[in-house]
Amino acid sequence: MLTTPVKPRVHHHNGHGQAKKPAPRARAKEQWVYLFAEGDAQMRDLLGGKGANLAEMTRIGLPVPPGFVVTTRACNAYLAAGQKFPRGMWEDELAALKQIEKLTGKKFGSPAQPLLVSCRSGAKFSMPGMMDTVLNLGLNDEVATGLIATTLDARFVYDAYRRLIQMFGTVVLDLPDEPFEAVLARFRQERGVTNDANLTEKDLHAITNEFKAIVRGQTGRDFPMDPLEQLRLATEAVFKSWNGKRAIDYRNAAGIAHDLGTAVNIVTMVFGNMGADSGTGVVTTRNVSTGEKEIEGDYLTNAQGEDVVAGTRTTKRIQEMRTEMPRLYAQFERICKKLEKHYRDVQDVEFTIEHGQLWMLQTRDAKRTAQAAVRIAIDLAEEKLITKTEAVKRVKPEHVDYFLHPQFDPAERKAAIARGDRIACGLNVSPGAAGGQIAFDADTAERWAKVEKKDVIMVRPETKPDDVHGMLAAKGILTSRGGRTSHAALVARQFGKPAVVGVSTMEVDLEKRQCIVGDPEHGLPLRTFQEGDFVSLDGTIGEVYAGTVKTILPEFNDPYLLKLLAWADDIRHLGVWANADYPRDAQRARAYGAEGIGLCRTEHMFFETERLPLVQQMILAKSEAERMDALAKLLPFQRSDFDGLFRAMDGLPVIIRLIDPPMHEFLPSHDSLLQEVIELRVGGQDAALLAEKEKMLTAVESMREANPMLGLRGVRLGIHMPDLTRMQVRAIFEAACQCAQDGVDVHPEVMIPLTAHVNELKVQQTALEAEARKVMEEQGREIDYKFGTMIEIPRAALTADEIAEYAQFFSFGTNDLTQTTFGISRDDAEAGFLMEYIQKDILPENPFASIDENGVGKLMHMAVQLGRLTRPGLSVGVCGEHGGDPKSIDFCHRIGLNYVSCSPFRVPIARLAAAHAVIKNK
Ligand code: PEP
Ligand code: MG
């Protein structure tokens, strides 16, 4: 992700609001404030994303209201100094304000030509709604009177004034929102209207006065009439909001560093609520759900920006502006094109129209769904705005992962519809299907998901920044209000949560903790759901169902994704193979683009019900004859397993690993056997059963190991039970010969696990190669085959030059290699102290998820070099879980592996990650 999160800094105060240690002062006078005309898009670190882009838009001649940016360095200095402006900052801010007054011909605090400004946060990385904003600064009683005289619109002025006091009260003075909202609700009720827009001038004037009284009542002080004091306090509030709880939560979730700080943007207010020739909109320059090339978004005439985003008024689609305001729409369309060309990416913009004049208030690279990310990357490359390489680079492994996400099973969906369980439709704002239990607030959602391990669907009227922790914990998000640009939609898309929003036929009652869904007029009866009830939603199509609807994986056939992966294939050097045990897995892997099977764990088939008794018979055999009999019965099973794999992978290599786990894994557990034997002895009835169980117990006891992971497994077991591995090799080669006879192009590679010493390989491999030759002679066929080994014990890596004398290929078993290098049990550690280590930063990350480059990686690098010293063309791959991890794939590329092998579902991701590795390490 973006940057490693660090713990938020704790500020120690000495009780007087002064810091113990003042912030180090820059020697040369620091420039704390930049006019828009002084900055550009490269200055994100200093000006934040919003500020840098406002500056850039100003620079390229787009209509941006005059303004300036207080830097992120100023914010950090302020916080580090115990909430004190750094020396010179305020003076810089005042000087910049003077410049704006010049540019606008207005004056801050002047009743005659009043200048009003907004004060908005803006960090380097966008954190939608996480920090604070105050609008309409500069209004006071006198200015309001003056403004009424110039605008002749008292309703507008009091509307602006009451908004200022409410925002200032909640954001700057930290007052609760409820008393303000209660006043508004009371007025709406008295006037019999549902919308604030229908309140009169007189109402708004009265509301303004009541709001002032709330401020006085709650703080003991008047709302500040001094515009400069308003500006100063608002600037401070934005600085402080960097360390607000919701901002910290968001940064933790998004992987944004805590020490970046936020900039403060002071921008001349323009008003979209000045009548029918005014308006405001929030738009993306393409459809960010599907990637389609069309301007997408919402707008409203005679409204302010918050009305669009909050979803409290029903917005219009931006296309309607084409007929309502054709001249402005044409201008806006040109601006969108220019912005896309300039930024070479789809933009997310906000604009306001004040009396027929269009103003751009924001632009940034738009967040998008995975589908849109892929399609947009392809389209931009085909429009020659970016190169193919750039297109590949822009699509993230997570995006590809998304195409492999579940959807409703069409048959189950049909059945649910027939049952009348489709309860609602809404906006499909974030794809993927999910089901779970309803939770009505973020804390409940988080607790149920994390502690009680429930699948949760978070259901809200709308979501707010404080809800993010619950949204992250939930499987899906459902809201009754909001549009495509609502908070719920943005956050869901960013974190890949299925979401349906704007379900207007759902009424959420947070007090009664229930929701009522239905649309009787259209034949959908009202149904009530309590917290904890199950619902399912599909954010790809925007549908909501009662109960659970089975999901399936979609077909892997999105033409844009296939094209993008083909481009990635042209770039990458690493091969991408798959770990697959069964033909159906191999088929899936191949459909996803796998170029071979890098690991078939043969023992997995031994657990099947028909086979386990045979495996046990073989293990417990008293005589050679008994054992050979069991093996002879297992042979046809294994042969048909391999036969299926070879056919699925016609023309491609298939690595089959000989049996690896310790034998007792195939026998009943010691403890439960002992229990049974004791019970049978006490009961004393079933002598025959007791004898059988005792026999099994003795066998299990004789094979019991204190440390089975370091015990009789892998090649050791193969040497110990040569007949077993011989049977496996026979099965491989008999299947290969049969397939070859049927015209299948087979390339078996036999892999010996857990080698530590070259002599193990010498003994085992020589015996097995002899068996392979024997089968080929019997069948009268030559098969193109290889014998090789896993490198998963440090000693094997250290002596790879010796090992390569015998092994024709290496495959790193990084699961075991990590276990044995760290001396950490892979079965136990992840559930135990390893997580504690990661939380305490003792380990930077889980070494079982991403290769530990400095330790395990060093052994791997050494083994590659030593192995190729002996056998120059030695093929080396990796088949541990790391084979599908993008970061580990980058490492495998750097140390010159031939391929990575991962689970079928990660094959597409690995193809992309392998291309990224080339681009990144060029
Ligand atoms: C490994 O150790 O990385 C490996 C692939 O083998 P297994 O996980 O089966 O031990
Ligand atoms: Mg292993």
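Just so you know, ligand 1 is whichever comes first in the structure, and atom 1 is the first atom listed for that ligand.
In the model, Gln638 has no side-chain atom that pairs as donor or acceptor with a side-chain atom of Thr602 under 3.5 Å. Between the side chains of Asp745 and His747, a donor-acceptor pair is found at a separation under 3.5 Å. Under 3.5 Å, the side chains of Asn579 and Ser903 contain no donor-acceptor pair of N or O atoms.
Side chain of Arg588 to main chain of Arg584: no donor-acceptor pair is present (N/O by atom type, distance under 3.5 Å, no hydrogens or angles). Side chain of Arg716 to main chain of Gly711: a donor-acceptor pair is present (N/O by atom type, distance under 3.5 Å, no hydrogens or angles).
Residues Ala578 and Ala594 share a closest heavy-atom pair of CB-CB, 3.9 Å.
The residue Gln819 has no part lying near ligand 1, judged by heavy-atom distances below 4.0 Å. For Leu599, every heavy-atom contact with ligand 1 shorter than 4.0 Å involves the side chain, none the backbone. In Asp660, the part holding a heavy atom less than 4.0 Å from any atom of ligand 1 is the side chain.
Listed by atom number, the atoms of ligand 1 under 4.0 Å from Cys879 heavy atoms are 5 (C). Less than 4.0 angstrom separates some heavy atom of Met790 from each of these atoms of ligand 1: 4 (C), 5 (C), 6 (O). When each atom of ligand 1 is checked for a heavy atom of Asp816 under 4.0 Å away, the hits are 1 (C), 2 (O), 3 (O), 10 (O). With ligand atoms numbered from 1 in the order given, ligand 1 contributes 10 (O) to contacts under 4.0 Å with heavy atoms of Arg713.
For atom 2 (O) of ligand 1, the choice among Met709, Glu792, Arg657 with the nearest heavy atom turns out to be Glu792. Counting only non-hydrogen atoms, the option in Met751, Glu603, Arg826 that gets closest to atom 8 (O) of ligand 1 is Arg826.
Looking at Glu881 next to ligand 1, no N or O pair under 3.5 Å apart turns up.
Using a 4.5 Å cut-off on side-chain heavy atoms (C-beta onward), Thr725 and Gln728 make contact.
Arg590 and Glu595 are not joined by a salt bridge, as no carboxylate oxygen comes within less than 4.0 angstrom of a charged side-chain nitrogen. Salt-bridge check for Arg627 with Glu624: failed, with every basic side-chain N at 4.0 Å or more from each acidic carboxylate O. Taking a cutoff of 4.0 Å between a charged side-chain nitrogen and a carboxylate oxygen, Lys622 and Glu626 do not qualify as a salt bridge.
With hydrogens left out, the protein atom closest to atom 9 (O) of ligand 1 is Arg601 NE, 2.8 Å, a heavy atom.
Protein N/O/S atoms closer than 2.8 Å to the Mg ion (ligand 2): Glu792 OE1, Asp816 OD2.
Aromatic pair Phe666/Phe607: ring centres closer than 6.0 Å.
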